[in-house]
2 protein chains.
Amino acid sequence: MKDLLSKTILKWSETLHKECLPHISIDCVVFGFHNNSLKILLLELIRENTWSLPGGYIKKVENMDDAAHRILQERTGVRDIFLNQFKTFGKFHRSEGFFKEFDDSFWLKQRFISVGYYALIDYTSVTVRNDEFSHSSKWIDVSKTPTLMMDHNQIFQEALAQLRRDLNYKPIGLNLLPEKFTMPELQKLYEAILGKKLNRGNFFRKMKRYGILTKLEETRKGGAHKAPDLYCFNLEVYNKALENGLQENW
Amino acid sequence: MKDLLSKTILKWSETLHKECLPHISIDCVVFGFHNNSLKILLLELIRENTWSLPGGYIKKVENMDDAAHRILQERTGVRDIFLNQFKTFGKFHRSEGFFKEFDDSFWLKQRFISVGYYALIDYTSVTVRNDEFSHSSKWIDVSKTPTLMMDHNQIFQEALAQLRRDLNYKPIGLNLLPEKFTMPELQKLYEAILGKKLNRGNFFRKMKRYGILTKLEETRKGGAHKAPDLYCFNLEVYNKALENGLQENW
DNA sequence: CCAAAAGTGTTGAACTTACACCCATGA
DNA sequence: TCATGGGTGTAAGTTCAACACTTTTGG
C-alpha cells in the first residue's frame, strides 16, 4: 500500500486525529443547474477511477452545520451556501471494502457515521478547488453519475429524492438559479428535478399565481430568437409562501 | 456530585466506553395515541424534575438503525417498532449545562452528536420499563410536555413537525392504531396530528376513496351509543398508495 | 421571415369545503 | 329516546391537464 492516496491519508492522519471528532463524517451532495440539466459535484480521487462525494469531518469545537459550510466553502469558494441536512448513514459495513488494504492505524479507516447534506449552488458562482485527496472535480449530470466509492451512490439517490420532496417547501429555485433568470429556465429546472415535462402555459400561470416572481424591465439579449423576459424572486412573498408550502401536484 | 444520578453514570462509564461509539447518541421521540390524543413517551430521571427523551448509544459493531430498535425494544418491550430517522443534532453546545457539574472523566459528559428517530407505537401494546437512569416513564400529551433536558424540547418539536409532513407518505395510522379501529378513532388521530378539526363526512369519503381501509364484519360493542364499525388497513393498497403519497391538503 | 418566447382562452375532470339530511342502533 | 355513528347529497369554488390560439420580437 504505497500508492499516492495511502501516503496522503497517512500524512493527514495525525492532524485529523487531533482536530476532528472520530467516527463522524459529513458527505455533501452539491446540486447545480447548467445547460438545462441538473448536475452534482463529484471528485475524482488521486487513486484512479475512484469517484466520491465531497465531504469532510467535524472539528472538536465546531457546530456540525458550520462544519458542513466550511467543507463546502473550502471546496467551492462560495460562502452562505444553501444547505439542508437530509439523512444520516450509519450502517456498520458502509465503508468496508474501500479501506480494506489500508493500515489499521489510518484515521480514515475507523468506522464512520456520516451525516448527509445536500447543497444548492448557483452554478455560475462556483470555482471548484481540489485538495490533496482529489485531482479533479467535475459537475456530472444526475442521470449520468458513475459508480461512487462506498455508499455514496445511495447517499446521492436519497438526496435527490429529498430534493424532489422539498421542491414546494424550500427555496430551491432561488438557490439553484442566478439572481436573474428567464421563465423557460425556471421551467427547465423544475422539469429536471421532477424528471418530467411540464406544460408551459400552465407552469407560467401557476408561477404567476404564486406571486413569488418579479418581472424585471430587462430581457436577455443575444439569443437566436426573441429575447426572453428576465425575472427574479420576490423574496418576501417567496419565503412567506414556503412556510406553508406551495402546491403539491405537478 | 454524589447524587444517585452521578453514581449511576460513573458506574456505567466503563462499560459504555468499551462497548459504544463515542460522540454519537440516539434520541427517540416515541409517539402513541390514546384517549383521542397524541402522546409521547418521556422519562423522569432519577434526579428530581429532570425529564428526558428515551435514548441510548450505538455499539461499536452495530448498525445505527439496529441500535435505535434495540434501545426502544429494551424500553417498551415492542419488537419491530416503526422507526423513522428524521434529523441529526450537532450543535457544539447542545449538552452544555446539563453535565456541567459532573466529573470530566464521565463518559456521558463528552460532546455528543445525536441522531433523532421518531417511533410510532400502538399504545396498547407497550409495557414501559425503567432503567438505572430513570425512575418513571410516562405518556405525556404532546400539548403538555414539560421542560426537557438539553435540547430535547427542540428534538421533540422537530419530530412532530416531521410527523405532520409524513402523514401522507408513511403508514402513520397503521402504526399508531391497534389492528382494528373505528372511523371516528382514525379521524381523531388525524386531527390530533394535524392540530385541527376535520369534517366528518368529507374525511369518511376521502378514506373510502383511497381504498386503504377494509371494513370488518364486527362492531365495537359496549359503548354508550351505536356500536361503530371496525376497520383495518388493507396493507397492499396502503403501501402502494404511500409510494406516491396520498393527498396533500387537509 | 422564422423560431422562440409571452400570454390568454377554454374545457372537463377532479377535488375541496361546508353544509345539511337521512337512517341505524345501543343502552 | 337520544346521542353517536354511518352514509349520502349538493352546491360553490378551486385547481389541473391538455390543447389551441394569438402576439411579440431578435437576428
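Excluded from the calculations below are hydrogen atoms, water molecules and symmetry mates; all remaining heavy atoms, backbone and side chain alike, are included. By convention in this document, chain letters (A, B, ...) are assigned in the order of the sequence lines, proteins followed by strands, and residues within each chain are numbered from 1.
Across B:Thr88, B:Ile71, B:Leu72, a single residue satisfies side chain to side chain contact (heavy atoms under 4.5 Å, CB included) together with B:Ile26, and that is B:Ile71.
No side-chain heavy atom of A:Thr219 sits under 4.5 Å from any side-chain heavy atom of A:Leu230.
Aromatic ring centroids of B:Phe86 and B:Tyr117 lie 6.0 Å or more apart. In this structure, A:Tyr238 has its ring center at least 6.0 angstrom away from the ring center of A:Tyr210.
A donor and an acceptor atom, one from each side chain of B:Asp122 and B:Thr124, are located under 3.5 Å apart. A side-chain donor from one of A:Gln162 and A:Arg165 sits under 3.5 Å from a side-chain acceptor of the other.
Not one side-chain nitrogen or oxygen of A:Lys206 sits closer than 4.0 Å to the OP1 or OP2 atom of D:dT15. Between B:Lys208 and D:dG7 there is no side-chain polar atom (N or O) within less than 4.0 angstrom of OP1 or OP2.
When the C1' atom of D:dG6 is taken as reference, atom CE of B:Met207 falls 16 Å away, rounded to whole Å. When the P atom of D:dA17 is taken as reference, atom CZ of A:Arg209 falls 10 Å away, rounded to whole Å. Spacing between atom CZ of B:Arg220 and atom C1' of C:dA24 amounts to 19 Å, rounded to whole angstrom units. Rounded to whole Å, the distance from CZ on B:Phe204 to P on C:dC23 is 17 Å. Atom pair B:Phe203:CZ and D:dG6:P shows a separation of 11 Å (rounding to whole Å applied). Between A:Leu186 atom CG and C:dA6 atom P the separation is 11 Å, expressed in whole Å. Atoms NZ (A:Lys215) and P (C:dA6) sit 8 Å apart, rounded to a whole Å. Whole-Å rounding puts the B:Leu213 CG to D:dG6 C1' distance at 14 Å.
For DNA chain C, the residues of residues 225-234 of chain A within the heavy-atom distance limit of 4.0 Å (strictly under) are A:His225, A:Lys226, A:Pro228, A:Asp229, A:Tyr231, sorted by number.
Here the nucleotide nearest the side chain of B:Asn199, chosen from C:dA18, D:dC19, D:dT8, is C:dA18. The side chain of A:Lys221 lies closest to D:dG26 when the candidates are D:dA17, D:dG26, D:dG6. Side-chain proximity of A:Arg205 to the nucleotides D:dG6, C:dA6, D:dA18 is greatest for D:dA18.
For A:Arg200 and C:dA6, a side-chain-to-base donor-acceptor distance below 3.5 Å is present, hydrogens and geometry of angles not being considered.
Look at B:Lys87 and A:Asp65 and you find no salt bridge, because none of the NZ, NE, NH1 or NH2 atoms lies under 4.0 Å from a carboxylate O.
Where A:Met183 and A:Asn202 meet DNA chain C, the nucleotide closest to each residue was compared, and A:Met183 sits on the side nearer the 5' end.
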